[in-house]
Novice: 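Structure below; questions to follow.
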Protein chains: 2
Amino acid sequence: MGATERDSYHHGDLRAALIEASESIIREEGVEGFTLRKAAKRAGVSPGAPSHHFKGTKGLLTVVAIRVFQRLGAELAILPVSDVPARDLRTQAEGYVTFAAQNPGLFRLICRVDLIDCQDQEFREASFSALVHYRNAAAAYFGEDPPDRAARIFRPYLASAFATAHGLAHMILEGRPALLFDTPDPAETFIETTLPSILLATWPDRPCEVRHSA
Amino acid sequence: MGATERDSYHHGDLRAALIEASESIIREEGVEGFTLRKAAKRAGVSPGAPSHHFKGTKGLLTVVAIRVFQRLGAELAILPVSDVPARDLRTQAEGYVTFAAQNPGLFRLICRVDLIDCQDQEFREASFSALVHYRNAAAAYFGEDPPDRAARIFRPYLASAFATAHGLAHMILEGRPALLFDTPDPAETFIETTLPSILLATWPDRPCEVRHSA
DNA sequence: CATCAATCTGAACGTCATTCAGATTGATGC
DNA sequence: GCATCAATCTGAATGACGTTCAGATTGATG
């Protein structure tokens, strides 16, 4: 598998092949298992070849990360919208966490700021755009201001809304539920049953009632 | 600096010296900058010496991680308690995030499950115990059941409460606020002013009012 | 004082990212 | 059709990494 055959001395589209190879390596072995040499080998090329197409390992991984953000954004974009803001916010958060759980290696990559050139303009754009629908859903739920898509204005509730999903994603990938709780249900059912219950506790349909006793 | 002098062939307490050295390296250069050879050199010892005291790099970092969790737990334990559950939960979350922001390298370490032996019993114990007060504060806020410290029963609101702080911590360390928002206030004031506003939006003093418009 | 186990050294080995001189070739201009 | 040139790729460096191991050193035990 891998190692696309080659007839000529030149590859043809080594750049794309390296991106593809890197993604599948990260899928199979995680970011920690990724090396530039592996990617080169899988693309059927010598270890020095990638340097002509990317600025080192970080340059290649930055491009991969951009694609991951784009895919995350695309998955969040096609999620259904209802007339219940709470449900929509939960849907977005569930989509976010599900993406992380289903693509653990790639999600870890976009969180490894040491492996990525975070100053890259394309990366910045992709990381922002991926969460446009999430942002809108949060704004609708908290109903404080109409979601101005262009502006990146800070709002406490937006940070709070992002933090919940992002924290859950990290917790799952770090295996924290197993550390914090004697999980009655196995890890497989987490996404299907446990996650919705957490999101429901976070953003209930009805505005909160008195939750803490006197 | 570093490189504790040594008169005899044997070190005396190399184990402690390696832990100490590792911690300061991670403080100064982050987990990514840590290498076992650096730690050995800083302890004034050859690269092969650590193997007599730890099971490889992972063994050493696991011990460091345990100490980090213990320190986090100690910092959360001395936080003030009031008669307002919401305030106490916010205080715990603020303590958690502040610890991460003030110890970025060490916090990243305890999240790098690939660098740590997560099956280590001492590690599991430390990671659970560190959050006892956080858990109690969350239980009091949501007021659903009395905090049973021994049991690790799963509750959706507990996972939700942890996720917020954990997500904020990761977001800060990943520099996401700068990616998501045109931060009006510089990153320095985040902990002092921005973080409290986020936590207040998450867990307000009064039970929530109607927040979303029709 | 002899013995032994614990500890430490220093030199391996294999792998990594990166660099670079030289080989190869696609494309351009004639 | 052919010469030229820049882009591309090879393969062998260089230096750092974790880990292993034979041999040196020494504290402790008897």
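Every chain is numbered from 1, with letters handed out A, B, ... down the list of sequences.
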Novice: Name all pairs fulfilling the salt bridge (charged side-chain N to carboxylate O under 4.0 Å, His left out) condition that reach into residues 169-180 of chain B, sequence neighbours left out, sorted by first residue then second.
Specialist: B:Glu174-B:Arg176
Novice: So, OP1 or OP2 of D:dT10: does either fall under 4.0 Å of a side-chain N or O from A:His52?
Specialist: no
Novice: For A:Leu158, check side-chain contact (heavy atoms from CB on, under 4.5 Å) against everything at least two apart and list the hits.
Specialist: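 Counting only residues at least two positions away or on another chain, A:Leu158 forms a side-chain contact (heavy atoms from CB on, under 4.5 Å) with A:Arg135, A:Ala138, A:Arg155, B:Phe181.
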Novice: Can you check the B:Leu14 CG to C:dT9 C1' distance for me, whole Å?
Specialist: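 So the CG-C1' distance, B:Leu14 to C:dT9, works out to 13 Å.
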Novice: Quick one: B:Ile25 CD1 to D:dG18 C1', roughly how many Å, whole number?
Specialist: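 Answer to the nearest Å: 14 Å.
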Novice: Which pairs pass side-chain hydrogen bond (donor to acceptor under 3.5 Å, both in side chains) with one or both residues in residues 100-117 of chain A, sequence neighbours excluded?
Specialist: A:Arg27-A:Asn103, A:Arg112-A:Asp114
Novice: If you only use heavy atoms from C-beta on, which nucleotide in D:dT10, D:dC9, C:dA17 is closest to the side chain of A:Thr57?
Specialist: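 For the A:Thr57 side chain, the nearest candidate turns out to be C:dA17.
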Novice: Can you check the B:Lys55 NZ to D:dT20 C1' distance for me, whole Å?
Specialist: 18 Å
Novice: Provide, to the nearest angstrom, the distance between the CZ atom belonging to B:Phe54 and the P atom belonging to C:dC8.
Specialist: 11 Å
Novice: Suppose we screen for side-chain contact (heavy atoms from CB on, under 4.5 Å). Which residues come up paired with A:Ala93, at least two apart in sequence or across chains?
Specialist: A:Tyr134, A:Ala165, A:Leu199, A:Trp203
Novice: Under the side-chain hydrogen bond (donor to acceptor under 3.5 Å, both in side chains) test, which residues partner A:Ser129, sequence neighbours left out?
Specialist: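 A:Glu125.
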Novice: Can you list the residues that meet the side-chain contact (heavy atoms from CB on, under 4.5 Å) rule with A:Ser24, with sequence neighbours excluded?
Specialist: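 With sequence neighbours excluded, A:Ser24 shows a side-chain contact (heavy atoms from CB on, under 4.5 Å) to A:Glu28, A:Arg42, given in chain and number order.
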Novice: Please give me every residue in residues 105-116 of chain A whose heavy atoms get under 4.0 Å of an atom in DNA chain C, ordered by residue number.
Specialist: none
Novice: Under the side-chain hydrogen bond (donor to acceptor under 3.5 Å, both in side chains) rule, collect the residues that match up with A:Arg71, sequence neighbours excluded.
Specialist: A:Glu23
Novice: Quick check on D:dG18: is either OP1 or OP2 less than 4.0 Å from any side-chain nitrogen or oxygen of B:Ser51?
Specialist: no
Novice: Kindly indicate whether the side chain of B:Thr202, heavy atoms from C-beta on, has any atom under 4.5 Å from the side chain of A:Thr164.
Specialist: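 No, their side chains stay 4.5 Å or more apart.
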Novice: Just the rounded figure in Å: distance from C1' of D:dC17 to NZ of B:Lys58.
Specialist: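 To the nearest whole Å, that distance equals 17 Å.
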Novice: Per the side-chain hydrogen bond (donor to acceptor under 3.5 Å, both in side chains) rule, what does the pair list look like for residues 86-95 of chain A, sequence neighbours excluded?
Specialist: A:Ser82-A:Asp88, A:Arg90-A:Asp205
Novice: Measure from CD on A:Glu32 to C1' on D:dG18 and round the result to the nearest Å.
Specialist: 17 Å
Novice: Report the nucleotide, chosen from C:dT7, D:dT10, C:dT9, that has the shortest atom-to-atom distance to any side-chain atom of B:Ser46.
Specialist: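 Selected nucleotide: C:dT9.
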Novice: Which residue pairs satisfy the ring pair (Phe, Tyr, Trp, His ring centres under 6.0 Å) criterion with at least one member in residues 33-69 of chain A, sequence neighbours excluded?
Specialist: A:Phe69-A:Phe123
Novice: May I have the distance from A:Leu60 (atom CG) to C:dT18 (atom C1'), rounded to whole angstrom?
Specialist: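 Value for this atom pair: 14 Å.
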Novice: Would you write the dot-bracket representation of DNA chain D, where each base gets (, ), [, ], | or . depending on whether it forms a Watson-Crick or G-U pair under 3.5 Å and with which partner?
Specialist: ||||||||||||||||||||||||||||||
Novice: Which word best sums up how the rings of B:Phe107 and B:His170 line up, parallel for under 30°, tilted for 30 to 60°, or perpendicular for over 60°?
Specialist: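 Correct class here is perpendicular.
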Novice: Would you list the protein and nucleotides 11-16 of chain C atom pairs, both N or O, that sit under 3.5 Å from each other?
Specialist:
none

